[in-house]
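Note that these values count all heavy atoms, side chains included, but never hydrogens, waters or copies made by symmetry.
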Amino acid sequence: MTVGTGQRSPLKRRINWYGYATLQPLTILTVRATRTAPLAVAAAAALLLSGGPALAGGLEMTDVALLMRSGAVLLALGSAFILDDPAARTTEVVPVPRWLPRALRAALAVLVTGAAWGGVVALGTLATTPAERPLLPAGGMTLEALALLALALALAALGLRLTPGSGGALAAPGMVLCVLAAVLLPLPDSAQPFAQPLSPGWDTSRWTWTVLLCATTATAAILCREPSAKRHG
């Protein structure tokens, strides 16, 4: 590396080329090819689900929590298809690591889900009775939505390992099974993941969701990488 001559090292030149000459067109092509219809439908459904009660108003906090959780599940189900890549069936060699377009698709899911969830929170707040509105735990509900999104992406990434480009085929039913198990399993009140706001098990359930968020985020990041056999074989 030359110091003080104004010349950049080969490593810096390669990083700059990769950043400007590859990332921008790759982002545009990836967004165009991403399967966004399920997420768009899920976002619209989540907002419509919260919109009617928001216009009526006067709901108890437990009812608002149910509506917001339903919206979070819908958004996670829509995100389950975001990593799908139809071209993976016919493309063995790509000019960039496969984790890069997958990361761009995941970032798109986070942006769209975040925007829709913001609307769900706002509508849920309007639907709550004025007396309970300041007590609505929007932050704790957002933690649940983030963990469900991370779970959907992790299942989608696992599906990409098992099927050629169709992670949603595994992620969507997997999400449904996980949610049903969390709701229907006869767990004690202190271990209920969907604890009611302000209930004795609420604080404990926040730790459960935090652990789930961290674990599924790490799992999704690992699974989005190309298998070593393909990288070195």
Subject >> Polar side-chain atom of Thr216 near backbone of Leu213 as donor-acceptor pair, under 3.5 Å >> reply: yes
Distance-only donor-acceptor hits, side chain of residues 52-63, under 3.5 Å, sequence neighbours excluded:
none

Subject >> Donor-acceptor contact present, side-chain Arg105 to main-chain Leu83, <3.5 Å >> reply: no
Original post:
Stepwise, does the side-chain contact (heavy atoms from CB on, under 4.5 Å) test hold for Leu170 with Leu158?
Top reply: CA-CA 8 Å; Leu170 174 67; Leu158 176 61; 3.8 Å; yes
Subject >> From CA spacing to verdict: side-chain contact (heavy atoms from CB on, under 4.5 Å), Ser166, Thr163 >> reply: CA-CA 6 Å; Ser166 300; Thr163 60; 3.9 Å; yes
Subject >> Cluster overlap Leu148 with Val112, hydrophobic side-chain contacts below 4.5 Å >> reply: no
Subject >> Side chain Asp84, main chain Arg35, donor-acceptor under 3.5 Å >> reply: no
Original post:
Between Leu151 and Met175, is any pair of side-chain heavy atoms under 4.5 Å apart?
Top reply: yes
Could you give the side-chain donor-acceptor pairs of residues 179-197 under 3.5 Å, partners two or more places apart or in another chain?
from   : atom 1 : to     : atom 2 : distance (Å)
Gln192 : NE2    : Leu187 : O      : 2.9

Original post:
Rounded to the nearest 0.5 Å, how far does OG1 of Thr34 lie from CG of Leu104?
Top reply: 8.0 Å
Original post:
Measuring from Leu149:CG to Leu39:CG, what's the distance to the nearest 0.5 Å?
Top reply: 8.5 Å
Original post:
Among pairs that include at least one residue of residues 116-135, which meet ring pair (Phe, Tyr, Trp, His ring centres under 6.0 Å), considering only residues two or more places apart or in two chains?
Top reply: none
